[in-house]
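One structure is given here, and the rest of the page talks about it.
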Amino acid sequence: MKTFVRLLGWIIISNSLILAQSDQMHRNKNHGGNWLSTLEYLEEGYYQHAVHSALQYLTIEPKRYQLVQHHFEEIARTDAGDPNILVFADSSENYVRTPVPERIDAIVTALRSVIVDSSNHNPLQAAMLLAAIAIQTREPKAGLDVLVSVADKVDVSAALYQFASRTEEAGFDEVSAQSYQHYAISPQGDPEYQPGSLLKQAELYERQGHHTLALAAYRQLVERFPNRLESSEAIYRQCRLLLHSFRDVVATRKLLQALTDEGRDYVSGPINLLLAECDIVANNLDAATERYRGLLAHSQTDWAARYGLGHLFYMRAEFDSAIAHFDTLISMQPGHVLTNDALDLVMLIESQRKLGHNHELAKFAASILLQTQGRIHQAEQARQGLLASPNDIKIRVLLDQAAAFSARAHSDSAIATYMKIIENMSDHREVFTAHVMRAQLLEKGNQLIEALKAYETTLLRFPDDAKSAKVRLKIQQLRSTFDATG
């Protein structure tokens, strides 16, 4: 086994030699030697020397930064306990490294010492390498901290933006939002990209449920860059957030009116759709109906308005009208993002009417209207009165109840409700949703072991479900987290 590992080591050196030799074709031998020395130091366990050699190489060949970064990233992934996932997916280094637990710690220590005493090397390159390693070891906050720590020495704005993008791609939304914020306030940040950075920050906060922080970021964008297109988008998103999360119809209408009065470059369709929702929340259902009809009169292919009108008829228990609009959407736009929801409601309406459950269906639709309007207590009372309904309605009532608990940050109650569905209605086709939502809440609450078990149970129970691919991905991500943290 030792001979095989040694052979792999020589294969690693050989492949890296090929890369380094290709660099030497148009320059002298000494320039390429620093990278060869880096590889030799890494192989022999002289990690501090390896770091200094790599940084010296970058002083001579700054365009080869990606080569050095990817190499250290691969070491970080390997030593964190995940040797089967290669960063160099498209390179010639198709091998599996043997983890050396002390190696990445020594590399990190050496890079940090460079930042403290940057007289001989570029502190930005050291910080960027540390940030890249931190993503691989799933410690992204440490990566952001090190970039911010050198901001008084060098311009880190471009590195911050790249780090924000990479952490977002890796699913580290909290750190990504903070990184976009640092870029947005950086004196060296490009004003051309700073509005988009703030928009991204707000979007990530909104995705995490940090609605107050998201509103603050949107407002900051509007104040700092009032004449940019991103500012109009930020105003619209504020409106959407104020209505959907805070049910503040007055503030929403005021901002939408400002968006219209100021002649901002923003299409009227989304504004009118949101105004229709304002009418619904304010219980002015006739006005909402007319607004949707006005949109459809302007464009029969406004599928969001078509669905909105159908859903309004559904909540009003005008089921024939609801089906008519849903059927138009389904037949004309089978691939639309709202079509599956429309089809699901058509199937529910038709199945329950066929079984003679018209009364329960109407009461359930009314509970959805109350929840949409933010009349939380009345909606909960309505749901309680439906718990003895037939299973197809009962399970939807419980799913809505769990979602309502979750929206109010009552995660324990939401998880308990999902568990009730899983235990008592295990054969229902909608139970998959309960499994996934429970797992997501456990993960959001940082109960990662329980979340992993929940996802694994879901996959075992529903291996052939069309949505199981996302569950498999979640399982891989969580297992990777445990490998990285031990």
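Counting begins at 1 with the first residue of the sequence.
Remark: the backbone N or O of Asn227 is not paired with any side-chain donor or acceptor of Ser231 at under 3.5 angstrom. In this structure, Gln401 contributes its side chain and Glu380 its backbone to no donor-acceptor pair below 3.5 Å. Judged by distance alone, the side chain of Arg472 and the main-chain N or O of Pro463 form a donor-acceptor pair under 3.5 Å. Within the 3.5 Å criterion, the main-chain N or O of Val146 finds no donor-acceptor partner in the side chain of Arg112. At least one donor-acceptor pair under 3.5 Å links the side chain of Thr457 to the backbone N or O of Lys453. Side chain of Arg247 to backbone of Thr372: a donor-acceptor contact under 3.5 angstrom is found. A donor-acceptor pair under 3.5 Å is absent between the side-chain atoms of Ser299 and the main chain of Leu295, judged by distance alone. Distance alone, capped at 3.5 Å, is enough to place a donor-acceptor pair between the Ser179 side chain and the Val175 backbone. Remark: the backbone N or O of His182 is not paired with any side-chain donor or acceptor of Ser186 at under 3.5 angstrom. Between the side chain of Thr339 and the backbone N or O of Gln333 there is at least one donor-acceptor pair closer than 3.5 Å.
Using a 4.5 Å heavy-atom cutoff, the side chains of Leu259 and Tyr236 are in contact. Using a 4.5 Å heavy-atom threshold, the side chains of Ile115 and Leu130 count as touching. Leu275 is not listed as a side-chain neighbour of Gln257, based on a closest heavy-atom distance of 4.5 Å or more. With contacts defined as side-chain heavy-atom distances shorter than 4.5 Å, the pair Asp465/Thr458 does not qualify. Contact annotation: the side chain of Asp248 never approaches that of Leu243 to less than 4.5 Å [non-hydrogen atoms, C-beta and beyond]. Between Glu192 and Arg228, the closest side-chain pair of non-hydrogen atoms falls below 4.5 Å. Residues Leu124 and Met128 form a side-chain contact, since some pair of their non-hydrogen atoms from C-beta on lies under 4.5 Å apart. The shortest side-chain heavy-atom distance between Glu174 and Lys141 does not fall under the 4.5 Å cut-off.
Just one of Gln220, Gln181, Glu206 meets the side chain to side chain donor-acceptor pair (under 3.5 Å) condition when paired with Gln201; it is Gln181. With respect to Glu443, the side chain to side chain donor-acceptor pair (under 3.5 Å) criterion is satisfied by exactly one of Gln477, Arg438, Lys474: Lys474.
The distance from atom OG of Ser197 to atom CG of Leu160, rounded to the nearest 0.5 Å, is 9.0 Å. Separation of atoms CG (Leu242) and OH (Tyr218) is listed at 11.0 Å; rounding is to 0.5 Å. Within the model, atoms NE2 of His410 and CZ of Phe405 stand 8.0 Å from one another, a figure rounded to the nearest 0.5 Å. Once rounded to the nearest 0.5 Å, the distance linking SG of Cys239 with CG of Leu255 reads 4.5 Å. Remark: Leu111 CG to Gln125 CD distance equals 11.0 Å, nearest 0.5 Å. A distance of 4.0 Å separates CD1 of Ile271 from OG1 of Thr260, quoted to the nearest 0.5 Å.
Taking each heavy atom of Val150 and Ala127 in turn, the nearest pair found is CG2-CB, 3.9 Å. Nearest heavy-atom pair across Ala414 and Ser406 is CB-N, 3.9 Å. Taking both residues in full, the closest heavy atoms of Arg64 and Tyr57 are given as CG-OH, 3.3 Å, listed atom of the first, atom of the second, then distance. Residues Thr38 and Ser53 come closest through the heavy atom pair OG1-OG, 2.8 Å. What you find for Phe163 and Ala131 is that their closest heavy atoms are CE1-O, 3.6 Å. Taking each heavy atom of Tyr183 and Asp190 in turn, the nearest pair found is OH-N, 3.1 Å.
The pair Glu233-Arg237 counts as a salt bridge, with a side-chain nitrogen and a carboxylate oxygen less than 4.0 angstrom apart. With respect to the salt-bridge test (charged N to carboxylate O, under 4.0 angstrom), the residues Arg77 and Glu73 do not qualify. Under a 4.0 Å N-O distance rule, the pair Arg479/Glu456 qualifies as a salt bridge.
Note on ring orientation: taking the six-membered ring where Trp is involved, the planes of Phe432 and Phe462 are perpendicular (angle over 60°, cut-offs 30° and 60°). Ring geometry for His121 versus His52: interplanar angle of 30 to 60°, hence tilted.
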Could you please spell out the steps behind the side-chain contact (heavy atoms from CB on, under 4.5 Å) verdict for Leu399 and Thr433? CA-CA 8 Å; Leu399 288 171; Thr433 301; 4.2 Å; yes
Run the side-chain contact (heavy atoms from CB on, under 4.5 Å) test on Ile421 and Ile395 for me, step by step, so that the C-alpha distance in whole Å, both residues' side-chain angles and the decisive distance to 0.1 Å come before the verdict. CA-CA 7 Å; Ile421 296 171; Ile395 196 167; 3.7 Å; yes
Set out, in order, the CA-CA distance, both residues' side-chain angles and the distance that settles side-chain contact (heavy atoms from CB on, under 4.5 Å) for Glu168 and Tyr180, then state yes or no. CA-CA 10 Å; Glu168 180 185 3; Tyr180 280 122; 2.9 Å; yes
Residues Tyr46, Glu40; criterion side-chain contact (heavy atoms from CB on, under 4.5 Å); working and verdict: CA-CA 9 Å; Tyr46 297 112; Glu40 290 169 0; over 6 Å; no
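In Glu44, the CD atom is crowded: over 12 heavy atoms of neighbouring residues, nucleotides or ligands sit closer than 6.0 Å. Around CD of Gln48, the count of heavy atoms belonging to other residues, nucleotides or ligands within 6.0 Å does not exceed 12.
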